[in-house]
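Please read the structure below before turning to the comments.
Numbering of residues begins at 1 and proceeds along the displayed sequence. Whatever order the structure lists them in is the order used to number ligands and atoms, beginning at 1.
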Amino acid sequence: MRYAETGFNLEIDLTRGNIEKVQTDPRDTELYLGGLGTNAKLLWDRVPPEVEPFSPDNLLIFSAGLLCGTPATGCNRTIVSTISPQTELMAFSMMGGFWAPELKYAGYDKVILRGKSPDLVYLWIKDGKVEIRDAAHLQGKGATETATLIRKELDEPKAQVASIGLAGENRVYFASIEQGRSSASRGGIGAVMGDKGVKAIAVRGTGDINVAQPAEFFELCNEVLEYIKFREENPIPGVMAILTGLGSPQEMQVHDEKWHTENFMWGNSRVRRKGFWNEEVEKAWTETMTTARTRLISCYNCPMKCGATITMPGLPTYMMKCFSKLTYTMAAMSDLNFGLTIAQRATEYGVDGFSTPQVMAFALELYENGILTDDDMPGMPSDNDERFYWLLDRIVRREGIGDILANGTYWAAKEIGNGADEYAHNNIKKHEQLPLKLSMLNPIYFLMYATGEKINITQIEGQFPQAPFPTREEREAFVKDWFQVPDEKFKQYFLDWELRGENSIPYYPTVEMCCDIVDWQEKMHYIDDALGMCAGLSSFPLKPPYHIHNYPKFISAGAGIDMDEAKLSQAAKRYRTLVRAVNIRRGMRRKDDKPPKNHWKKRFPELEKELLDTYYKFKGWNNDGIPTKASLQELDLDYVSEDFIQRGILTDGEDTPSKETSEASAE
Ligand code: SF4
């Protein structure tokens, strides 16, 4: 018997309309867990580097995490993996909500799409039965509108529907997949879904998922619930409001936005507005938020209520979560009312709430600086807010300048030329980032930004505080009940971290400490993404209920796999390396491992080089960031090293590239 997972994937060849139920190999679960781990294995095995994102041979994989569908609190993530049109690397975007557990109850761990449907279709999965249905009548419909129409048409009010809007249909590089209470937004996965001709996947399941040791598993779940309660009653002192608790409910509940509005950049990630937040703004924004927020909502099996349903006058209700509350407002230098209103249209179009506002602000910056002209923007309104609606409509339809902007700032700048690339300055690996600009280089963040392959900083940071606490007493108080650390040495790292002086950034934490910290933070995110756990209860916040000490117990009792911390760390390292291998095989190298151009004012090239050199070694990668033959073999990834050698990426017996390559890459 298979525990926690169903043991079956659903494979659909959209070109032929062929549907297969495929039994999976339990050994793969032991080696790669599930979710992201087994997705990476599938992409490695079946999508060679020659395959373009919009090729029928690209796969689009929807995977429930290994523990989704069990009673583990907050374990509800769907991990969607494919080759991204924007980065041309592996995308693995996550969505919360209800879809993943429903898929398990319907009898599948993954839905694997290949080929392309000649006509727009949607998939209907109900308790093991699968239908490919015509979606011509849904063409051009909004993402949430589509979900409502499908539920009605099927007469299945409880079906969970993941769908795309117009942006996905038109292959906008930052198109999202929306799903009721959540969305998978990064990497343009919605564009791949549109390219495959799939408007939506509706799922309804009423089956059961077996748990290996139910009594032990419930006991662990109860401990987590108790700890969540404890953390709610004991917010972390000394950190900014949004980092005091778990999940991200603060964004929908808290009205003090001084920190975001004054520290994050406005417009095209250019302008910081110190002194913006005042009583008058707070009063107006609080009123807007309390009027718009219909109710607070949670994902499947979670008490946190991070999201909110938002209803703006005359518009259908939609769901909002986290920092998307402010991205449109700040990009347009407007007010919250504008941000919440345009987000409704953007959600229906199905676009990424981080990239889209920045792409539009980028276009207007180009216009203000004469790089785009009236000829490029015929009929653009003169009103600032109206311009954003105008641009959004053109982008999702790929009309006029919108066709170029729909590829994101990196590709658009290349096509526009005339110095436009100076304005596409906030990217990592061709993908727009949070609009943040800081003064002094932070070595921990440097490494995370440079080497993170999840593309978003919020998807690699967490666990270790973002900054030192001002006094040693405060730091001592913090480490007292910090049992989540994988090793006691992390407490000392933090205790000795000062705001100023010798033990301050950029030279403290030391290079070696930075490697430990970044590796720990990244590992926890990768574990979450294989298990289907929400980062808001694990890898992202300080002192979370899930951590490296209780995860092995969850996996043992849930999936029936004999697991301990060492084995779990090794598994996470294995599929993390496999993700890198997929990207290395697609041409990613050290030259791509860098933060956004001007993320910090004060840079330290020598230190940065040392950080990368040391971290690469720590991870078992050579100077060019390629996993070495020895490290691949140690992770049972011999097939990767063989492939690398065959392709000339590694040479047999020689893991270090020539001096010339290393120096060129270290720019
Ligand atoms: S913590 Fe928030 S985002 Fe995470 S599962 Fe719970 S409600 Fe969803």
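Under 4.0 angstrom from ligand 1, there are no non-hydrogen atoms of M252. If you look at N76 next to ligand 1, the close heavy atoms, those under 4.0 Å, all belong to the side chain.
Under a 4.0 Å criterion applied to the non-hydrogen atoms of C302, ligand 1 contributes the atoms 1 (S), 5 (S), 6 (Fe), 7 (S).
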ring-ring contact (aromatic ring centres under 6.0 Å, His included) evaluation trace for F92 with Y575
CA-CA 13 Å; F92 46 109; Y575 58 82; 9.6 Å; no
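Atom 6 (Fe) of ligand 1 lies at 2.8 Å or more from every N, O or S atom belonging to C534.
In the model, S334 has no side-chain atom that pairs as donor or acceptor with a side-chain atom of T329 under 3.5 Å.
Relative ring orientation between F62 and W99 is described as tilted, the plane-to-plane angle lying within the 30° to 60° band. Note on ring orientation: taking the six-membered ring where Trp is involved, the planes of W482 and W520 are tilted (angle from 30° to 60°).
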